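One structure is given here, and the rest of the page talks about it.
Keep in mind it's a predicted model, so treat the numbers as computed, not measured.
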Amino acid sequence: RRETTCFARNVNASMLRMAVYTLYHNYIKRWRIRSQSAAVHAEKAGIEQKAINGVLKRVFTQRYQKTRLRLRGFTDRLWRKELSTPLKTGSEYVPRYALA
């Protein structure tokens with residue numbers, strides 16, 4: 001189904017999905033689909049290919065834990081699933097190991 005025609009019932013799930021899409025859009029998706037260039041959006045923004053490869057290697061080979069991440073502000077609230085969904089009572093389930 002098309003993601004553009006549906007709405008999110010849970011704010012935390014929607015924002016996590018957006019974070020995954022942002023990674024895909026900036027570091028994996030090519031700049032121009034029909035061009036011969038293999039440049040991705042991050043390269044067009046001025047990030048070096050070596051840095052892009054480092055980010056992709058870390059994302060796909062390391063298991064992310066709270067102790068390894070340096071999250072601040074909004075991203076920390078997103079990791080802890082503290083964003084509130086309107087008209088929903090109760091909080092989101094967060095496994096204990098995610099906060100360790």
Side-chain angles (χ1 to χ4, degrees):
R1 75 171 189 240
R2 288 179 51 130
E3 292 291 328
T4 56
T5 60
C6 37
F7 64 94
R9 296 180 184 171
N10 182 333
V11 171
N12 289 301
S14 175
M15 293 307 295
L16 288 170
R17 194 167 38 244
M18 182 65 189
V20 170
Y21 177 75
T22 302
L23 174 88
Y24 162 76
H25 181 81
N26 290 328
Y27 293 104
I28 299 172
K29 184 181 177 194
R30 291 189 332 191
W31 172 252
R32 296 273 185 222
I33 301 299
R34 294 183 185 186
S35 74
Q36 299 300 322
S37 172
V40 294
H41 288 83
E43 282 181 295
K44 292 295 184 177
I47 300 173
E48 296 177 4
Q49 183 64 40
K50 186 176 178 181
I52 294 170
N53 291 339
V55 168
L56 291 176
K57 183 177 179 184
R58 279 195 314 269
V59 166
F60 291 115
T61 60
Q62 290 183 358
R63 180 175 291 169
Y64 282 95
Q65 298 171 343
K66 179 71 172 139
T67 54
R68 290 185 189 169
L69 300 173
R70 293 183 299 263
L71 302 176
R72 293 181 199 92
F74 179 75
T75 53
D76 186 49
R77 290 181 58 214
L78 183 59
W79 182 269
R80 295 174 181 269
K81 295 185 178 179
E82 293 177 349
L83 304 175
S84 63
T85 302
L87 303 177
K88 183 178 180 184
T89 59
S91 60
E92 293 293 322
Y93 170 73
V94 180
R96 222 178 319 156
Y97 64 84
L99 301 175

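- For the side-chain contact (heavy atoms from CB on, under 4.5 Å) test, residues two or more places apart in sequence or in another chain that qualify with M15 are V11, F74, L78, L83.
- With sequence neighbours left out, the salt bridge (Lys or Arg N to Asp or Glu O under 4.0 Å) criterion links R80 to D76.
- Taking hydrophobic clusters as Ile, Leu, Val, Met, Phe, Trp and Tyr residues chained together by side-chain heavy-atom distances below 4.5 Å, L23 shares a cluster with I52.
- Shown here are the salt bridge (Lys or Arg N to Asp or Glu O under 4.0 Å) partners of K88, two or more places apart in sequence or in another chain: E92.
- Scored by the side-chain contact (heavy atoms from CB on, under 4.5 Å) test, S84 finds no partners at all (sequence neighbours excluded).
- Residue pairs meeting the ring pair (Phe, Tyr, Trp, His ring centres under 6.0 Å) criterion with at least one member in residues 27-46, sequence neighbours excluded: H25-H41, W31-H41.
- The side chain to side chain donor-acceptor pair (under 3.5 Å) pairs that include a residue from residues 42-52 are Q49-N53, where partners are two or more places apart or lie in different chains.
- Partners of T22 according to the side-chain contact (heavy atoms from CB on, under 4.5 Å) rule, which considers only residues two or more places apart in sequence or in another chain, are M18, N26.
- The OG atom of S91 lies 9.5 Å from the CD atom of E82; values are rounded to the nearest 0.5 Å.
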Anything under 3.5 Å between a donor and an acceptor, one on a side chain of residues 93-100, the other on a protein residue two or more places apart or in another chain? List them.
none

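- Here the shortest heavy-atom pairing between K81 and L16 reads CE-CD1, 4.2 Å.
- Applying the side-chain contact (heavy atoms from CB on, under 4.5 Å) rule to I28 yields the partners Y24, L56, F60; only residues at least two apart in sequence or on another chain are considered.
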